2 protein chains.
Amino acid sequence: MQRMTRYYGQNGNGGGHSPASCFASRLERYAPLTDEEKGFVARMEEAERPVKRGEVVLKAGEPSTELGVVKEGWAVARSDRLNGRSQTLRIYLPGEIIGLPGLGIGHYAHEVVMVTQGCICPFPKDHITGIYARVPRLAALLTAVASVDQVALKDRLFMMGSGTARERMAHFLLDLHERLLLSNPDMGRRFRLPLRQVDIAEVLGLTKVYVNRLLKAFTEEGLIEIQRPYVRILRPAELKSMSNYVNRYEQIDQSWFPSPARNDISL
Amino acid sequence: MQRMTRYYGQNGNGGGHSPASCFASRLERYAPLTDEEKGFVARMEEAERPVKRGEVVLKAGEPSTELGVVKEGWAVARSDRLNGRSQTLRIYLPGEIIGLPGLGIGHYAHEVVMVTQGCICPFPKDHITGIYARVPRLAALLTAVASVDQVALKDRLFMMGSGTARERMAHFLLDLHERLLLSNPDMGRRFRLPLRQVDIAEVLGLTKVYVNRLLKAFTEEGLIEIQRPYVRILRPAELKSMSNYVNRYEQIDQSWFPSPARNDISL
DNA sequence: CGTTTGCTTGAAGTAGGTCAATGTGAGTGG
DNA sequence: CCACTCACATTGACCTACTTCAAGCAAACG
């Protein structure tokens, strides 16, 4: 059933962070956390649930009682259509939070499904309450991360609205590469892409047939190299210029964060 | 477990001119604000700047020092392409905040332009600092509103990725109508649409020619009625079923909000 | 070793784009 | 009151990027 071997996650790459918490290490990349903040983050990863490929982690329409941290594996948020085609709205990599949009509307708007096997750390929604009440700087950090996310989402909307299939594909490959680099800085240009062509098609809003043709064309043009399930980006510059790609993940702006101490207001 | 509050239920001014503080009244629709919270909200609307149609309110690439509340008029966030076509990423109606995504990345990712004349209330970014530090429930409210926004954005991504032109148009009209109803509950099915066909085309990722043909077709099929610049939705049910439209703005979940008093943690 | 799941390829169709011309109403100036 | 203009809307004729359908292939698994 599973044609993939194990997803390679947080193998020790000199970073020195504990493999137990990819989410905490992701956050600490931006700003060192206080002990109190670390405590709150740790509680988001207390529980662990192994999940199989294809498993629905969050069901669309259900009341949103929990959020979750993807600890291992890839997940996607998707919108199913009665009609036929379904659309992947977002790919979640290890260290990212799922279910955040459910905060506002009280139920999950779109289902989240695993595309590889992996491991999810669910935590109750009202854990966020404590973060807003007690560690406002952490709340601000989460907000900042969410807003980077929103920018990336808008970039994707742009590609879907006025990009050709080639441009979308280029943008997709570059974006995934950059995001993987965030947690694996010394990964290089070759990365594991545990998605079937039909999965990519659902991300890009294309058919699997055309995705196949695009990948073939990209390969023939020497833009990429495929050794399934690995992809190597051969000519990033051309891909960037053809898709107008901008890396949105490089840094976040902390200038507006409140100070870590609870009642010390920097204003 | 979850306390939802209906969003409707404020007397609407059918006329069409904004109240003194459309942003505050929009927030108060969700939850009554404490005096302290009101003070912070009021400071977001202290300054006022009249803006002309076509004026660039936020320039892409510039450091994000300010956010703003749209007090009057319509604005759009758009992504320009060297190539040619440009894509509208988001329409901002009165009472909505612009520049929020700039919080995370420290500069404006996409430009914001007025599509009608209007009025913007700019406020400094670090005003958000005070909200996170001192009125956490207001911070949570802003987060909730942003997350509803993100869901709506994902719905749009879905339409752009796997919707036909007809479906996109139907979705667009319904979505705009619902959003306008939020601040004008007794507006009915007829609303002012101050966009040119080319503006709509940029929202939908289509050409103005095709937008024209779609509008003509919709009119001939009796789905809508156009008396420029007004549109009337004649058969909302058909539009809904053909575009799978879901109104995401109806309710907001406050169950996870911290309590209004600063150090009283409801957990 | 047969079955399944996913990849590849060809041929034909279509939704929506492109190009280009014409129509229309709301100013503006004379 | 009429001409002139300018910004948009409308319409027609053709074009193409992508889809659809359908068949064949490869490799992994049972």
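Because the structure is predicted, anything quoted here is derived from the model rather than measured. Chain identifiers are assigned alphabetically (A, B, ...) following the order of the sequence lines, protein sequences preceding nucleic acid strands; residue numbering begins at 1 within each chain.
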- prompt: For K216(A), which contact category applies under a 4.0 Å heavy-atom criterion: base, sugar-phosphate, or nothing?
  reply: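 If one applies the 4.0 Å heavy-atom cut-off, K216(A) turns out to touch the sugar-phosphate alone, with no base involved.
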
message: For a quick check of understanding: with a heavy-atom distance under 4.0 Å over all strands, which category does G205(A) fall into, base, sugar-phosphate or nothing?
response: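 Sugar-phosphate, backbone atoms only, no base.
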
Length of the [atom1]-[atom2] vector between [X] and [N], whole Å:
X: L215(B); N: dG16(C); atom1: CG; atom2: C1'; answer: 15 Å
X: K208(B); N: dA7(D); atom1: NZ; atom2: P; answer: 12 Å
X: Q227(B); N: dT24(C); atom1: CD; atom2: P; answer: 19 Å
X: L195(A); N: dG6(C); atom1: CG; atom2: P; answer: 12 Å
X: E167(B); N: dG16(C); atom1: CD; atom2: P; answer: 9 Å

Check whether any side-chain N or O of [X] sits under 4.0 Å from OP1 or OP2 of [N], and answer yes or no.
X: R228(B); N: dT10(D); value: yes
X: T207(A); N: dT19(D); value: yes
X: Q197(B); N: dA7(D); value: no
X: Y210(A); N: dC18(D); value: yes

message: Regarding E178(A) and R248(A), does a basic nitrogen lie under 4.0 Å from an acidic carboxylate oxygen?
response: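 No, E178(A) and R248(A) are not salt-bridged.
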
field: Ion pair check, E225(A) and R190(A), cut-off under 4.0 Å
entry: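 So E225(A) does not pair with R190(A) through a salt bridge.
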
- prompt: Nearest nucleotide by nearest heavy atom, which residue falls closer to the 5' end of DNA chain D, L214(A) or V209(B)?
  reply: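 Result: V209(B).
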
query: Is the NZ or CZ atom of R90(B) both under 6.0 Å from the centre of the six-membered ring of Y92(B) and within 45° of that ring's axis?
result: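 Output yes; distance and angle both within limits.
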
task: Between dT11(D), dC7(C), dT19(D), spot the one nearest the side chain of N212(B), thanks.
output: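 Between dT11(D), dC7(C), dT19(D), the one nearest the side chain of N212(B) would be dT11(D).
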
message: Check this for me: does the side-chain of R213(B) come within 3.5 Å of the base of dG12(D) through a donor and an acceptor?
response: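 Answer is yes: a donor-acceptor pair is held.
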
- prompt: Under 3.5 Å, side chain of T116(A) to main-chain N/O of W74(A), donor-acceptor pair present?
  reply: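 Yes, because the side chain of T116(A) sits within donor-acceptor range (under 3.5 Å) of the backbone of W74(A).
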
